[in-house]
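Here's the structure, in structure tokens; my notes come after.
Below, chains carry the letters A, B, ... as their sequence lines are ordered, and counting in each starts from 1.
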2 protein chains.
Amino acid sequence: MTKIHKIPDVVIKRLPIYLRYLQQLMERDIDTVSSQQMGEDLNLNPAQIRKDLSIFGDFGVKGMGYRVTELAEKLISILGLDKQINIALVGVGNLGAALCQYNRYQNTSTKIVAIFDGHPAKVGQKIGNLVVHPMEDLSKVVKELNIKMAIIAVPAQAAQGVADQLIDCGIKVILNFAPTLIQVPPGIKVQNADVTTELQSLAYYL
Amino acid sequence: MTKIHKIPDVVIKRLPIYLRYLQQLMERDIDTVSSQQMGEDLNLNPAQIRKDLSIFGDFGVKGMGYRVTELAEKLISILGLDKQINIALVGVGNLGAALCQYNRYQNTSTKIVAIFDGHPAKVGQKIGNLVVHPMEDLSKVVKELNIKMAIIAVPAQAAQGVADQLIDCGIKVILNFAPTLIQVPPGIKVQNADVTTELQSLAYYL
DNA sequence: TAGATTGTTAATCGATTAACAATC
DNA sequence: TAGATTGTTAATCGATTAACAATC
């Protein structure tokens, strides 16, 4: 039996950074890159980059570095970005609506495919090419559109309730923009992206 | 001479979480809280909370815990949130405009007080109670309004140029929503908040 | 006083980095 | 082959956690 190493979150967070960098190299028709060069450009230690990548396989060529296109493909496959990932957005206030529009024009495999709001006045409105659903439709739409991930962009006091509903529908991964901590059972991954909290911690550095 | 410990970023990021929690307790008229209780509610180790807080002073009372209001005030003071922090927002696309509106209704000391855009068509437009300035006014407005912090919400290819201009104006702290790494000289603090990258790393957990 | 809880030390855990044999 | 660079081990660094004397 192979020993499964738990891969640290901090490594996973670096993978999209590597990927984006490699895609920039591809645009400049650069074929190979060394960990040394990557480290300089990304402000990271080359040994760390090699170690991160070696967790997933031997992607490099000794004496030569990494083949850019090949490594990018590997990272896309590791992250699971080789097929579209359907996302539900809950809460179409200023921030939610903007995230929806923003995502629409991004050429990325993580796609918002359905939007929801608990406020009856919002239901039926169009944001980009999507119509706002009522919360009652959540379970049905999540199943129909094979939605795997959710973004919470509702006010703080509504966030926990929304999270509970999402989890009930089988959602396992949540990006939370609400300025509050949400409690979830084991096996559910929540990433907080609260702007107010970020600004407050940045205030310290002034 | 007192030895100055470099306080880890990871500790600074937890302080606003503690603060928000204490403010919730205040709303519920709770006077004191133990690190044990805080740890349960915030999913953190109590020893870690005590250690974090003890870096800044002896805020607790043995046998009793922490006085909620007092600790909240201390954290506000440590973070520098006891006076308004003026922020410049650069880039009023969907996301920038939403951040501006969102910030407007947040009751927090970090305030967006001026907005800028490099696109002539945007200049003069009103977002909430603010008028979009041209980039040429950046230096002047930053001085006039005593702006200390900036939010970048421009497309990736414009981000580095904007960052350079901000740094030229004396800005030391930047929250970057553009999906690209920006290179800055030592002494400048950049926090990345790119939604696409966050979604891509979350994809891994599916 | 007895019970509770802090602040802090020491132990543990985990992540980063340096160093280098393997090898393209 | 000589030079370059990987993958990986060992050393280092730093953060988390357990344990407990101090003390309210």
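Between the CZ atom of B:Phe56 and the P atom of C:dT6 there is a distance of 17 Å, rounded to whole Å. Atom-to-atom, CD1 of A:Ile12 to C1' of C:dA15 comes out at 14 Å; the value is rounded to the nearest Å. For B:Tyr66 and C:dA4, the OH to C1' distance is 13 Å, given to the nearest whole Å. Rounded to whole angstrom, the span from the CD atom of A:Gln36 across to the C1' atom of D:dT6 amounts to 13 Å. One atom, CD1 of B:Ile49, and another, C1' of D:dA15, lie 15 Å apart when rounded to the nearest Å. The CD1-C1' distance, from A:Ile55 to C:dT16, rounds to 12 Å in whole Å. Whole-Å rounding puts the A:Met38 CE to D:dT6 C1' distance at 13 Å. Distance CG (A:Asp52) to C1' (D:dT8): 14 Å, rounded to an integer number of Å.
Across B:Leu81 and A:Ala203, no two heavy atoms sit closer than the pair CD2-CB, 3.7 Å. When all heavy atoms of A:Ile182 and A:Gln160 are compared, the pair lying nearest together is CA-OE1, 3.4 Å.
Between B:Arg20 and the options A:Asp194, A:Thr196, A:Thr180, a side-chain hydrogen bond (donor to acceptor under 3.5 Å, both in side chains) holds for only A:Asp194. Results of the side-chain hydrogen bond (donor to acceptor under 3.5 Å, both in side chains) test with A:Asp9 over A:Arg14, A:Gln191, A:Lys189 single out A:Lys189 as the only residue that passes.
The listed nucleotides are D:dT5, D:dG7, C:dG7; the one nearest the side chain of A:Ser54 is D:dG7.
Side chains of B:Val162 and B:Leu166 form a contact here, defined as non-hydrogen atoms less than 4.5 Å apart. Within the 4.5 Å cutoff, no side-chain heavy atoms of B:Val68 are placed close to those of B:Asp31. Contact of the B:Tyr21 side chain with the B:Gln37 side chain is registered, since non-hydrogen atoms from C-beta on lie closer than 4.5 Å.
When the shell of 6.0 Å around NZ of B:Lys74 is examined, it contains 12 or fewer heavy atoms from other residues, nucleotides or ligands.
For the pair B:Asn94 (side chain) and A:Gln101 (backbone), a donor-acceptor distance under 3.5 Å is absent.
Within 4.0 Å of B:Pro8, counting heavy atoms only, lie sugar-phosphate atoms of the nucleic acid but no base atom.
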* With the sugar-phosphate defined as primed atoms, P, OP1 and OP2, and the base as all remaining atoms, what B/S/- string results for nucleotides 17-24 of chain C, 5' to 3', for protein heavy atoms under 4.0 Å? -> BBB--BBB
* Which string of ( ) [ ] | and . matches DNA chain C, if you list each base 5' to 3' and count Watson-Crick or G-U pairs only when both distances are under 3.5 Å? -> ..||||||||||||||||||||||
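Of the side-chain N and O atoms in A:Ser35, none sit less than 4.0 angstrom from OP1 or OP2 of D:dT5.
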